[in-house]
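Single-structure report; data block below.
Just so it is clear, the model here is predicted, and its values are computed rather than measured. When a ligand or atom number is given, it counts from 1 through the structure's own listing order.
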Amino acid sequence: MTILVTGGAGYIGSHAVQRLLNDGHRVVVLDNLDRGHREAVDALRGMEGVGADQLSFEAGDIADGGLVGALMRDHGVDTVMHFAALAYVGESVHEPLRYHRVNTAGAISLLEAADGAGVSRFIFSSTCATYGEPGADEIPIHEGVVQRPINPYGASKLAVERVLADYSAKQRADGKAFSYAALRYFNVAGSDPTGLIGEDHDPETHLIPVILQAALGKRDGVTIFGTDYATEDGTCVRDYIHVCDLVDAHVAVMNALEPGDARLYNLGIGRGYSVREIIDAAKRVTRKEFPVREGERRAGDPPVLYAEAGKIGRELGWKAKYTDIDEIIATAWRWFEKHPDGYAS
Ligand code: UDP
C-alpha cells in the first residue's frame, strides 16, 4: 500500500513510518516541520532494507490543498494516516483559535484534498481528551461514553471525528467506498526500542519526557500539577500506552478497514498510573534522583483518564505488548540517554 503519513516527522508519526516501512509499504511523509524533525525521517531512510523509492518526504502543510492533492495523485496514495496536529492541553486553553485552525480546519482541508484525489481510507489520531471529565461511574472509559471535552484540544479533535462521521455517511449514501477510523489515544509514551528515533518536543510539557530531562539534569526538577485531586494519592491518573503498541494498533486497523467502515477505538492499556507513580517508576528505571515540587493544578486537566481498551482486542485481536510502566519508561530513557539534546534539527 501507499500511505500518506501527515506529521510523519513527529514523535508518533515517525514511529508509524518506521513500522510501515518495515512492513514493506510505500510511505509519503508530509510534515511542515513546525514541531517535527527532518532528522527523524532521514534516520528512517537509512534503515536497513528500506528501498530507495519506499519513502518520500514533503515539507509542507496539511492546509495546502493543492500540494496535498498533488502528492496524493502523484504517489498513488490509497490510505491517509493523519497525525499532524498540535497536542498540548495547556497550550490549547491559551490558544484556542490556533488549535481549531490547525487541528480542525487542517483536517477538513486534508479530507477535502483526499476527496478530490479519490483517496478513500483515512485513519485519524483522536484523543481521550474528547471524553472530557467522565463521571466516576464512566471510568474506565469505553467508546460509548458521551464525549464532552473540557479543553480546546479535545474539542478540536472531537470536531474532526464529527466531520468524519458526516462525510462518511454522505459517501455511504452515495454508494462510495470511503472508510475511516478514529483512534482515541490515551497517553502515548516510550520510544523505538532500537533507539533510532524518539520523542523530542519543543516546548516539552509531557510528563515522562519532562521527568527524564530532569533525570538527565537538563531541568532543575519536576513539578506535580496538583496534589489535591480526588484520587488515591491526590495526583492525576492517566493510561500510558507504548508508542510501538499504538502504531501496531494503527496497522491492525488499516489492515481491517473495509469500504464503508467507521471504526472507533480507544487506544490505551486499560490501567491508570498517577503522576507520583510515574515519577517513582522513572526513578527506579533511571536510578537518578531529582527535585520534585508540588505545584498548582494545570488548567484543563481531568483528574482520572484510563481506558476500557478491550474493544479493539475483541474486534481485531490487537493487544498491547508493553504493559509494565517501567519497561515503557526504559525505552524512552534509552533514547534520552543517547540523545540528551534530542534531534539536532
Ligand atoms: N504533569 C505534571 N507535571 C508536568 C507535566 C505533566 O504533573 O511537568 C501531569 C499533568 O497535569 C497530567 C499528567 O501529568 O495530569 C499527564 O500530562 P501530559 O502533559 O503528559 O499528558 P496529558 O494527559 O495532558 O495529555
[atom] - nearest protein heavy atom and its distance:
atom	answer
atom 15 (O) of ligand 1	C236 CB, 3.0 Å
atom 5 (C) of ligand 1	T205 O, 3.3 Å
atom 20 (O) of ligand 1	L207 N, 2.8 Å
atom 9 (C) of ligand 1	V275 CG2, 3.8 Å
atom 11 (O) of ligand 1	D301 OD2, 2.5 Å
atom 3 (N) of ligand 1	T223 O, 2.7 Å
atom 1 (N) of ligand 1	F225 CD1, 3.6 Å

As an exercise, identify every atom of ligand 1 less than 4.0 angstrom from a heavy atom of [X].
X	value
V210	8 (O)
I224	7 (O)
N187	16 (C), 21 (O), 22 (P), 23 (O), 25 (O)

Run the ring-centre check on [X] versus [Y] and record whether the distance is less than 6.0 Å.
X	Y	answer
Y185	H250	yes
H206	Y88	yes
W335	Y343	yes

Going by an N to O cut-off under 4.0 Å, is there a salt bridge joining E289 and K283? yes

Heavy-atom proximity to atom 24 (O) of ligand 1, best of R298, H206, R238: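 Closest candidate by heavy-atom distance is R298.
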
Would V222 count as a contact residue for ligand 1, given that I'm defining contact as a non-hydrogen atom of the residue lying under 4.0 Å from a ligand atom? no

Residues A307 and D239: closest non-hydrogen pair is N-OD2, 3.0 Å

Shortest non-hydrogen contact between K321 and D248, atoms and distance: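 Scanning both residues completely, I find the closest heavy atoms to be NZ-OD2, 3.3 Å.
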
Going by atom types alone, do R219 and Q213 pair a side-chain donor with an acceptor below 3.5 Å?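 Note: R219 and Q213 side chains meet the donor-acceptor criterion.
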
Is it true that the NZ or CZ of R271 lies under 6.0 Å from the centre of Y306's six-membered ring and within 45 degrees of the ring axis? no

